[in-house]
Amino acid sequence: RHPLATFFHLFFRVSAIVTYLFCDWFSNSFVACFVTILLLLSFDFWSVKNVTGRLLVGLRWWNQIDEDGKSHWVFEAKRVPTIASSTEAEARIFWLGLIICPVIWTMFLFSTLFSLKLKWLALVIAGISLQAANLYGYIHCKLGGQKTISRVTSRLFGTADVPKRQSRRISEDGTEEHGKTGTR
């Protein structure tokens with residue numbers, strides 16, 4: 001159902017890996033190789049986080065900062081009653097790509113350390129970080145994302161449930177308190 005999203009899910013990450021492996025054959029410039037691979041990794045991070053995760057598996061995650069300046073991570077899982085066989089194949093491709101690539105970048109880390117090519121270490125760490133951040137976010141969505149996308153977007157953009165949110169509070173021991181709108 002989403003062949004273009006599936007293609008780009010794999011294209012940027014495979015291109016970054018292939019470019020890392022064969023960059024010395026095509027260019028003598030370390031800076032050009034470094035920037036090219038970093039751009040491919042960044043394109044991959046953005047496309048997986050913002051596009052392919054939503055289309056292929058119905059998951060998304062992001063960080064928002066409230067009025068107090070506190071950071072809140074939001075993980076969502078879209079509930080789909082039935083999944084077509086093509087969607088199952090796309091989901092399998094999504095998860096395999098998401099899991100295998102951080103493992104490959106981890107192997108690059110060890111090969112960089114053992115071969116003493118330390119100038120590539122920053123790039124390999126960036127690759128692991130970007131790939132692992134997406135993996136962590138989507139695993140968190142899959143295991144803990146109990147909110148549907150429509151419910152969260154109505155909370156973000158709608159104001160109809162603002163009085164309900166203000167009157168319902170969770171105390172420090174984890175029990176819900178209803179009706180208290182004042183501060184402690």
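Note that this is a predicted model, so its numbers are computed, not measured.
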Can you find a heavy atom in the side chain of Val48 that is under 4.5 Å from one in the side chain of Phe94?
yes
Count I, L, V, M, F, W, Y as connected when their side-chain heavy atoms are under 4.5 Å apart, and connections chain through other members. Are Val103 and Ile100 then in the same cluster?
no
Give me the atom names and distance for the closest heavy-atom approach of Pro3 to Glu90.
N-OE2, 4.1 Å
Nearest 0.5 Å, what's the CG-CD1 distance between Leu96 and Ile93?
8.0 Å
Would you call the rings of Phe110 and Phe114 parallel, tilted or perpendicular, taking 30° and 60° as the class edges?
parallel
Measuring only between side-chain heavy atoms, which start at C-beta, is Cys101 closer than 4.5 Å to Ile17?
yes
Chi angles and distances behind the side chain to side chain contact (heavy atoms under 4.5 Å, CB included) call for Trp95, Lys142:
CA-CA 11 Å; Trp95 286 108; Lys142 184 74 172 168; 4.0 Å; yes
Face-on cation placement of Lys49 at Trp61 ring, 6.0 Å and 45° thresholds
yes
For the CD1 atom of Ile125 and the CG atom of Leu130, what is their distance to the nearest 0.5 Å?
12.0 Å
Is there side-chain contact between Trp105 and Leu41, with at least one heavy-atom pair below 4.5 Å?
yes
Phe22 CZ to Ser27 OG distance, which is reported to the nearest 0.5 Å
15.5 Å
Yes or no on side chain to side chain contact (heavy atoms under 4.5 Å, CB included) for Val57 and Thr52, after CA distance, side-chain angles and deciding distance?
CA-CA 8 Å; Val57 291; Thr52 62; over 6 Å; no
Do you reckon Leu56 sits in the same ILVMFWY cluster as Val14, going by side-chain contacts under 4.5 Å, direct or chained?
yes
If hydrophobic clusters are built by linking Ile, Leu, Val, Met, Phe, Trp and Tyr wherever their side-chain heavy atoms come under 4.5 Å apart, do Leu135 and Val124 end up in the same one?
yes
Is the shortest heavy-atom distance from the side chain of Lys70 to the side chain of Ile65 under 4.5 Å?
no
If I take atom OG1 from residue Thr19 and atom CG from residue Leu39, how far apart are they, to the nearest 0.5 angstrom?
11.0 Å
Applying the 4.5 Å side-chain criterion to the ILVMFWY set and letting contacts propagate, would Leu4 and Trp46 be lumped into a single cluster?
no
Any side-chain heavy-atom pair from Leu59 and Arg54 closer than 4.5 angstrom?
no
Is the ring pair Phe7/Phe11 parallel, tilted or perpendicular, if the boundaries are 30 and 60 degrees?
parallel
Pick out which of Leu143, Leu98, Ile99 makes a side-chain contact (heavy atoms from CB on, under 4.5 Å) with Tyr138.
Leu98
Identify the heavy atoms of Ala16 and Ile37 that sit nearest to each other, and give their distance.
O-CG2, 4.1 Å
Considering residues, nucleotides and ligands other than Asn63, do more than 12 of their heavy atoms fall under 6.0 Å from its CG?
yes
Are Phe45 and Leu109 joined in one hydrophobic group, where the rule is that I, L, V, M, F, W and Y side chains link up if heavy atoms are under 4.5 Å apart?
yes
In Å and rounded to the nearest 0.5 Å, what is the CG to CG distance from Leu10 to Asp44?
9.0 Å
Rounded to the nearest 0.5 Å, how far does NZ of Lys117 lie from CG of Asp24?
6.0 Å
Can you find a pair of side-chain heavy atoms, one from Met107 and one from Ile104, that are under 4.5 Å apart?
yes
Is it the case that more than 12 heavy atoms not belonging to Phe43 sit under 6.0 Å from its CZ atom?
no
Evaluate the side-chain proximity of Gln64 to Trp62: yes if any heavy-atom separation is below 4.5 Å, no if none is.
yes
Donor-acceptor contact present, side-chain Arg13 to main-chain Gly97, <3.5 Å
yes
Donor-acceptor side-chain pairing of Thr112 and Tyr20 below 3.5 angstrom
yes
In the structure I gave you, are the side-chain heavy atoms of His2 and Thr87 within less than 4.5 Å of one another anywhere?
no
Could you walk me through whether Leu123 and Leu38 satisfy the side chain to side chain contact (heavy atoms under 4.5 Å, CB included) test, starting with their C-alpha distance in whole Å, then the side-chain angles of each, then the deciding distance to 0.1 Å, before giving a yes or no?
CA-CA 7 Å; Leu123 180 67; Leu38 195 58; 4.2 Å; yes
With a 3.5 Å distance limit and no angle check, can you tell me whether Ser111 reaches the backbone of Phe108 through a side-chain donor-acceptor pair?
yes
What about Phe8 and Phe12, are their ring centers closer than 6.0 Å?
yes
Plane angle bin for Phe30 and Trp120 - parallel if under 30°, tilted between 30 and 60°, otherwise perpendicular:
perpendicular
